[in-house]
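Proteins come first, then strands; the chains are lettered A, B, ... in the order of their sequence lines, and each starts at number 1.
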2 protein chains.
Amino acid sequence: MTTMQDVARQAGVSLSTVSYALNGNRPIAQETRDRIQAAIDELGYRRNAAARSLAARRSHVLALVLPTVAGGLSGTLGEFAESAAQTARDAGYHLVIWPFDRREHDEVRDLVGQGQADGVLLMEVALDDARVEALASSGVPFTLIGRTRDPEGTSYVDIDFERTITDAVEHLADLGHRTVGFVNHSQRSEVELYGPTVRARDAFLAAAEERHLAPVHVTCDESPVAGRRAALEILVRAPRTTAIITMNESATFGVTSLLRERRIEIPRDMSVVAVVTSSEVGAMYDPPLTSYLAPGRTLGRYAVEELLAALGGPPRRDAPRLVACALAPGGSTGPAPS
Amino acid sequence: MTTMQDVARQAGVSLSTVSYALNGNRPIAQETRDRIQAAIDELGYRRNAAARSLAARRSHVLALVLPTVAGGLSGTLGEFAESAAQTARDAGYHLVIWPFDRREHDEVRDLVGQGQADGVLLMEVALDDARVEALASSGVPFTLIGRTRDPEGTSYVDIDFERTITDAVEHLADLGHRTVGFVNHSQRSEVELYGPTVRARDAFLAAAEERHLAPVHVTCDESPVAGRRAALEILVRAPRTTAIITMNESATFGVTSLLRERRIEIPRDMSVVAVVTSSEVGAMYDPPLTSYLAPGRTLGRYAVEELLAALGGPPRRDAPRLVACALAPGGSTGPAPS
DNA sequence: TTGAAAGCGATACCAT
DNA sequence: ATGGTATCGCTTTCAA
């Protein structure tokens, strides 16, 4: 193994000069710099990460904590992680994945205590989340993906559910729909005050009232079978429903399949909008679903930028914390039937 | 910050005794052990990771290198990553994600050279893959997810495409089908000798011959639109086709939608089998697709076990390297129409 | 603009 | 079964 001392010797300078040349926080004569670079190239030197972390007391690692969700990372989670990793790397950090669910908060504390990460990204945040307090008391900088009940004072980024749902409702209202269904996440998540569920519900009801629509809100487990049941419930509770918004990927295809079975044609008899989803999923249906796409990549980047700012990096001047889903037009929405 | 020295003082033993007690490779009296543990608890001590890595010359990190695929990690990739992270953690390692595609092999070498990881997991391996040689010459232990052309001598785990495809073909043959289509990955991947594409094609043709079936093999880009085209091509080339196997998640729904449009009913007129897929995707169709599920979790575990063995951990005695996809019965297959 | 040297907090060798 | 201590390879303060 070749060390910094070897490089110094080879370049005819002192060890410390090499160190300063490498992390650039001290002016170095160009000629010296060149000699050092030549020595590095010649020896194939690479700075040892552990020694660096020990001396600098920084690991240059960011951790992404995410729950072991059934079915693994969804497509959106994956996009997020990848974009975050990319952004971190550009800033000289590595992104580590720590698969811990909400109850394993002490594990997270342990790792943080070992100095395994300089900062933490926390996904799937609930309105009241024990992990948030655990992190806060441990003293590491951290950024939430999602929001607690009272987000002020904590660093976070999130999907703008209010904006997204409102957009979707307006889209349908503009098409003349008067009775609109909403297929949300599970009732369990609603009871547990999972942020997206609660915010979407409230936004849906508020937007419907604003536009004088009749809202039909149903919760729904994450499965096609449950989706069928949810669609049925909507049809029973409000037979005049002409549009359904779904925020539940697995349920969406249950909804469409029940409609087809009932000879309710999309979009002629019923418009369907999938929100907080991916284009891949939307493209799986025929016609392609009108969708509002989860901004996974954008959030990944924003989240890391937030965290880096907290770590003393460049501040994010008026960079948004909330990102709405963008409309991807599809063939599943149309004017309300007369 | 509290150090090992603090713990030693508090427990009334020497620093080295604490160290040995912690990593357990020297007999320590139970009573001493208890005193040390008490001191640790009292002080809230956690061993510093950087110092540990420096002194032991091991990072206790495993890196998962995966290409920045469009659309992020797919569901299966996510399952794999999560299971691998879990297994690594149980063995005292962390799993880091390094998002690099095939051309960025020197980036991987850099990180390895810095001692950022003790071992590497390489995903999406092509039959000829520059990254493999880069890793081999760098001297880190590594395990491939997938296989190169000549896998002997390298550590790898992979889906057993041959077994999976053969199973699917037999399943259909047993149901009386005589002409069977296969929707593979893209032509590009076939030309580039992407392992799964090539192996699946060959296995399909061989299994069909074995059972005296007429095979119709088509390549297909990863999209529903391409899937429609592929289905059409199959129907044109072999109008008597009564069953289609798809190994292309995005295309599958294009296939089914074209069939529906043509009033070809599943499974009455045409059986459809999705291979190397997830139950989530299968459940999105109505009826649920008969599927062969990608063994993401199993592979994640096996891959880490392989790597740990190469790192001097417990050897994997006759643990398999190849894992076939398991059949998840659905409603999309049935007897061949007469 | 450059150098010397004191740590950083563990591991593991050599003793006892 | 336990202790003393050199060492890992770098960052950073203090001096020149």
Side-chain angles (χ1 to χ4, degrees), chain A residues 1-37 39-40 43-61 92 110-116 118 311-312, chain B residues 1-37 39-40 43-61 92 94 110-118 311-312:
Chain A
M1 210 221 183
T2 123
T3 75
M4 200 174 256
Q5 184 59 260
D6 299 332
V7 173
R9 202 167 5 243
Q10 173 88 9
V13 298
S14 79
L15 196 176
S16 59
T17 299
V18 176
S19 177
Y20 284 116
L22 246 37
N23 53 39
N25 42 24
R26 180 154 113 171
I28 301 283
Q30 186 57 48
E31 193 244 348
T32 308
R33 193 181 290 283
D34 292 344
R35 283 220 312 287
I36 290 174
Q37 188 56 52
I40 287 175
L43 299 175
Y45 167 76
R46 294 194 218 307
R47 185 163 46 174
N48 179 290
R52 190 176 171 215
S53 298
L54 178 58
R57 292 177 196 71
R58 317 208 284 118
S59 65
H60 299 273
V61 165
D110 267 17
L111 293 175
V112 164
Q114 292 169 23
Q116 295 274 19
D118 296 336
L311 285 170
Chain B
M1 210 221 182
T2 122
T3 75
M4 200 173 255
Q5 185 59 257
D6 299 331
V7 173
R9 199 162 15 237
Q10 173 87 10
V13 298
S14 78
L15 196 172
S16 59
T17 299
V18 176
S19 177
Y20 285 115
L22 246 38
N23 53 40
N25 43 25
R26 183 155 108 169
I28 301 284
Q30 186 57 47
E31 193 243 347
T32 308
R33 192 181 290 283
D34 292 342
R35 282 219 315 286
I36 291 175
Q37 188 55 52
I40 288 176
L43 299 175
Y45 167 76
R46 297 196 214 304
R47 185 164 50 174
N48 180 291
R52 191 175 171 217
S53 298
L54 178 59
R57 290 178 195 71
R58 318 208 286 117
S59 65
H60 300 274
V61 165
H94 287 270
D110 267 15
L111 294 175
V112 164
Q114 292 169 20
Q116 295 273 21
D118 294 338
L311 286 170

Novice: Which comes earlier along DNA chain C counting from the 5' end, the contact point of A:Arg26 or that of B:Leu22, where each point is its nearest nucleotide?
Specialist: A:Arg26
Novice: Enter the distance from A:Thr3:OG1 to A:Arg9:CZ here, rounded to the nearest 0.5 Å.
Specialist: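 It comes to 7.0 Å.
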Novice: Determine the minimum heavy-atom distance between A:Ile28 and A:Arg33, stating which atoms define it.
Specialist: CB-NH2, 3.6 Å
Novice: I'd like to know whether B:Leu311 forms a side-chain contact (heavy atoms from CB on, under 4.5 Å) with B:Arg58, so could you lay out the CA-CA distance, the side-chain angles of the two residues, the decisive distance to 0.1 Å, and finally the verdict.
Specialist: CA-CA 10 Å; B:Leu311 286 170; B:Arg58 318 208 286 117; 5.7 Å; no
Novice: What is the distance from atom CD of A:Gln114 to atom OH of B:Tyr45, rounded to the nearest 0.5 Å?
Specialist: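 Going from CD on A:Gln114 over to OH on B:Tyr45, the span is 9.0 Å.
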Novice: Indicate, with a heavy-atom threshold strictly under 4.0 Å, whether B:Ile28 touches base, sugar-phosphate, or nothing.
Specialist: sugar-phosphate
Novice: Using 0.5 Å steps for rounding, measure from the CD1 atom of B:Ile40 to the CE atom of B:Met4.
Specialist: 7.5 Å
Novice: Using the heavy-atom set of chain B and a strict 4.0 Å cut-off, write down the first and last nucleotide of DNA chain C that makes it in, 5' to 3'.
Specialist: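 Nucleotide range with atoms under 4.0 Å of chain B: C:dG9 to C:dC14.
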Novice: CG/A:Leu54 to CZ/A:Arg57 distance, rounded to the nearest 0.5 angstrom?
Specialist: 8.0 Å
Novice: Run the side-chain contact (heavy atoms from CB on, under 4.5 Å) check on A:Val61 and B:His94 step by step: do they pass?
Specialist: CA-CA 12 Å; A:Val61 165; B:His94 287 270; over 6 Å; no
Novice: I want to confirm an ordering. Mapping A:Asn48 and B:Thr17 to their closest nucleotides on DNA chain D, which one lands closer to the 5' end?
Specialist: B:Thr17
Novice: Measure the CD-CG distance between A:Gln37 and A:Leu22 for me, rounded to the nearest 0.5 Å.
Specialist: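 The CD atom of A:Gln37 sits 8.0 Å away from the CG atom of A:Leu22.
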Novice: First and last nucleotide of DNA chain D touching chain B, 5' to 3', heavy-atom cut-off 4.0 Å?
Specialist: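 Both ends considered, the range comes out as D:dA1 to D:dG9.
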Novice: Return the CD to CZ distance between A:Gln116 and B:Arg46, rounded to the nearest 0.5 Å.
Specialist: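 Output value for this atom pair is 12.0 Å.
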Novice: What is the nucleic acid contact for A:Ser19, judged by heavy atoms within less than 4.0 Å: base, sugar-phosphate only, or nothing?
Specialist: base
Novice: Within the side chain of A:Arg26, is there an N or O that forms a donor-acceptor pair under 3.5 Å with the backbone of A:Gly24?
Specialist: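 Absent.
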Novice: Let me test you: for the helix from C:dT1-D:dA16 to C:dT16-D:dA1, what is the angle between the axes at its two ends (five pairs each), rounded to 10 degrees?
Specialist: 30°
Novice: Between B:Asp34 and B:Gln30, do the side chains contain an N or O donor and an N or O acceptor separated by less than 3.5 Å?
Specialist: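 Short answer, yes.
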Novice: Please work out if B:Ser16 contacts a base, only the sugar-phosphate, or nothing of the nucleic acid, heavy-atom cut-off 4.0 Å.
Specialist: base
Novice: Students often get this wrong, so: under 4.0 angstrom with heavy atoms, is B:Thr32 touching a base, only sugar-phosphate, or nothing?
Specialist: sugar-phosphate
Novice: DNA chain C: A:Arg33 or B:Ser53, which has the more 5' nearest nucleotide?
Specialist: A:Arg33
